[in-house]
K.L.:
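Encoded as structure tokens, here's the structure I'll be asking about.
Protein chains get the first letters and strands the later ones, always in sequence-line order, with residue 1 at the start of each.
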Amino acid sequence: MPELPEVETVRCGLAPVLEGAVIKKAITRRAGLRFPFPVDFSERLEGNRVIRLRRRSKYILMECADDLVVILHLGMSGRITIYKDGETAEIGKHGHVSLITERGDHVVYTDPRRFGIITFTDTKNAENHSLLKNIGPEPLGNSFNSRVLEAGLTGKKSSVKAALLDQRLVAGLGNIYVCEVLWRAGINPKRTGGSVKSNQTAKLVPIIRDVLSEAIVAGGSTLKDYARVDGELGYFQHRFNVYGREGEPCSGAGCDGSINRIVQSGRSTFFCPKCQR
DNA sequence: CCGCGGGCCTGCGCGC
DNA sequence: TGCGCGCAGGCCCGCG
């Protein structure tokens with residue numbers, strides 16, 4: 001499911017259930033996802049206490065006592081469902097992992113395509129873990145600014161779309177939100193990164209922040225009851241301007257163009273050739 | 001070093 | 001109804 005806003009929504013939903021909770025049972029129902037689960041998965045988690053949930057890019061970091069950090073990534077199709085104490089958990093065909101707390105809540109990780117990741121690291125080295133160490137600045141944080149973005153785009157021969165999808169330049173953008181960002185900025189996704197001028201780069205920074213934070217608000221506002229965390233909700237409720245709208249009229253003010261779909265490095269790009277130059 | 005394409009998986013919707 | 005195809009929100013890796 002997930003780009004940064006969906007992951008943040010999942011983190012928010014999960015936090016009240018897991019933070020401060022002691023894990024009573026940690027269950028894996030297969031050997032792994034994209035990578036094998038740690039062999040001591042249950043041993044290290046059972047009896048351990050979750051201190052807090054953090055997000056880094058599209059990863060959720062579950063910081064526990066006993067110098068344990070669980071790294072969780074939802075891949076393409078991963079989702080989390082929470083069953084409160086007394087409810088019956090539905091595991092289903094793809095419910096690969098469960099955490100059951102001493103409060104009786106049951107968290108199920110479901111992932112049909114199994115591109116997700118659940119692994120361990122230790123508190124001190126979490127940011128240097130191989131999965132995290134090359135990730136660029138958080139787009140909603142202070143270290144992301146026009147200077148950083150301009151430095152990242154300068155000289156880039158690949159498309160500006162590919163550049164923004166590169167997690168080393170800025171964290172958390174995926175296919176949907178890159179399309180939306182470029183539409184809002186009026187930048188044609190086929191242009192090379194290096195051809196984007198500095199005044200447009202400066203515009204991109206607040207647009208990236210706005211698109212992501214609006215999506216987080218939209219996702220969060222649909223979760224009246226955080227007992228059902230599901231990043232899909234954000235997508236269902238959020239109205240995209242270009243993503244998935246091939247052939248539809250462009251919603252840009254005064255624009256009479258329509259949305260095109262092209263393929264860039266094997267992935268769909270949606271854009272309006274009239275207002276994105 | 002950079003940029004691209006392949007691969008990992010299952011499920012869904014479409015045209016025939 | 002069934003079958004094959006293309007498509008899907010991510011990311012690592014190997015190649016040129």
Side-chain angles (χ1 to χ4, degrees), chain A residues 1-11 29-37 55-60 71-80 92-97 109-119 129-136 139 151-183 189-195 208 211-212 214-216 218-219 222 229-247 261-270:
Chain A
M1 61 171 106
E3 298 182 32
L4 186 152
E6 291 68 36
V7 177
E8 180 61 19
T9 301
V10 168
R11 191 198 64 80
R29 300 187 180 83
R30 56 176 301 117
L33 299 165
R34 215 171 96 199
F35 305 120
F37 296 128
R55 182 189 55 73
R56 173 75 173 109
S57 188
K58 301 171 194 173
Y59 291 87
I60 290 173
I71 299 176
L72 168 68
H73 193 290
L74 300 165
M76 293 273 255
S77 57
R79 48 204 65 188
I80 299 272
K93 190 174 167 188
H94 303 293
H96 307 307
V97 176
Y109 176 80
T110 305
D111 188 358
R113 292 176 72 181
R114 308 203 299 272
F115 289 169
I117 297 166
I118 300 178
T119 193
H129 189 277
S130 59
L131 291 167
L132 304 174
K133 67 169 189 269
N134 292 321
I135 296 177
L153 290 176
T154 299
K156 272 269 184 290
K157 294 207 203 99
S158 55
S159 67
V160 60
K161 190 215 180 187
L164 292 177
L165 276 177
D166 187 338
Q167 301 296 298
R168 292 171 299 183
L169 174 55
V170 54
L173 289 173
N175 205 35
I176 290 180
Y177 292 109
V178 166
C179 291
E180 296 299 317
V181 161
L182 289 174
W183 177 81
K190 289 186 282 193
R191 282 176 56 182
T192 65
S195 76
I208 288 168
V211 165
L212 293 177
E214 286 168 23
I216 291 171
T222 60
V229 185
D230 194 329
E232 189 109 26
L233 289 170
Y235 282 114
F236 268 59
Q237 300 296 322
H238 199 64
R239 298 298 294 160
F240 301 125
N241 285 295
V242 286
Y243 190 85
R245 291 176 166 267
E246 183 182 15
R261 175 181 167 274
I262 58 172
V263 175
Q264 292 180 287
S265 13
R267 315 195 64 192
S268 290
T269 301
F270 297 88

K.L.:
Atom CD1 of Ile60(A) to atom P of dG10(C): distance rounded to whole Å?
P.N.:
15 Å

K.L.:
Find the distance Leu131(A):CG to dC12(C):P and express it as a whole number of Å.
P.N.:
6 Å

K.L.:
Using heavy-atom distances to pick each residue's nearest nucleotide on DNA chain C, tell me which of Ser268(A) and Phe35(A) is more 5'.
P.N.:
Ser268(A)

K.L.:
Are Ser268(A) and Arg261(A) close enough that a side-chain donor and a side-chain acceptor fall under 3.5 Å?
P.N.:
yes

K.L.:
Pick the P atom in dC7(C) and in dG5(B), then give their distance to the nearest Å.
P.N.:
15 Å

K.L.:
Please give, in whole Å, the distance from dG10(C) P to Leu72(A) CG?
P.N.:
15 Å

K.L.:
How far does OG of Ser57(A) sit from CD of Glu8(A), to the nearest 0.5 angstrom?
P.N.:
11.5 Å

K.L.:
Write down the distance between CD (Glu246(A)) and C1' (dG6(C)), rounded to a whole number of angstrom.
P.N.:
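Rounded to the whole Å, the gap is 13 Å.
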
K.L.:
For a quick test of reading the model: is some side-chain N or O of His73(A) closer than 4.0 Å to OP1 or OP2 of dC11(C)?
P.N.:
yes

K.L.:
Hey, are the side chains of Ile208(A) and Tyr177(A) touching, using non-hydrogen atoms and a 4.5 Å cut-off?
P.N.:
no

K.L.:
CD1 of Ile117(A) to CG of Leu72(A): how many Å apart, nearest 0.5 Å?
P.N.:
9.0 Å

K.L.:
Can any side-chain N or O of Arg29(A) pair as donor or acceptor with the backbone N or O of Lys93(A) at less than 3.5 Å?
P.N.:
no

K.L.:
Going 5' to 3' along DNA chain B, which are the first and last nucleotides with any atom under 4.0 Å from a heavy atom of chain A?
P.N.:
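In short, chain A contacts DNA chain B from dG3(B) to dG11(B).
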
K.L.:
Do any side-chain nitrogens or oxygens of Arg267(A) fall under 4.0 Å of OP1 or OP2 in dG10(C)?
P.N.:
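Checking dG10(C) against Arg267(A), a side-chain N or O does come within under 4.0 Å of OP1 or OP2.
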
K.L.:
In whole angstrom, what separates Ile117(A)'s CD1 from dG10(C)'s C1'?
P.N.:
9 Å

K.L.:
For the pair made of CZ in Arg56(A) and C1' in dG10(C), what is the distance, rounded to whole Å?
P.N.:
16 Å

K.L.:
In whole Å, I'd like the distance from the CG atom of Leu132(A) to the P atom of dC11(C).
P.N.:
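Atom-to-atom, Leu132(A) to dC11(C), this comes out as 11 Å.
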
K.L.:
At 4.0 Å (heavy atoms only), tell me whether Gly174(A) reaches a base, stays on the sugar-phosphate, or touches nothing.
P.N.:
sugar-phosphate

K.L.:
Relative to each other, are the rings of His96(A) and Tyr109(A) parallel, tilted or perpendicular (30° and 60° limits)?
P.N.:
tilted

K.L.:
When you compare the side chain of Gln167(A) with that of Asn134(A), does any pair of heavy atoms fall below 4.5 Å?
P.N.:
no

K.L.:
Please examine the side chains of Ile262(A) and Lys190(A), heavy atoms only from C-beta on, and report whether any two atoms are closer than 4.5 Å.
P.N.:
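Side-chain contact under 4.5 Å: yes.
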
K.L.:
Nearest whole angstrom, please: distance from the C1' of dG10(C) to the CD1 of Ile71(A).
P.N.:
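One finds 16 Å between C1' of dG10(C) and CD1 of Ile71(A), rounded.
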
K.L.:
Expected output check: what is the dot-bracket annotation of DNA chain B, where ( ) and [ ] are pairs inside the strand (brackets for crossing ones), | is paired with another strand, and pairs are Watson-Crick or G-U under 3.5 Å?
P.N.:
.|||||||.|||||||

K.L.:
Return yes if a side-chain donor-acceptor contact under 3.5 Å exists between Thr192(A) and Lys157(A), otherwise no.
P.N.:
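Per modelled atom types, Thr192(A) and Lys157(A) side chains form no pair under 3.5 Å.
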
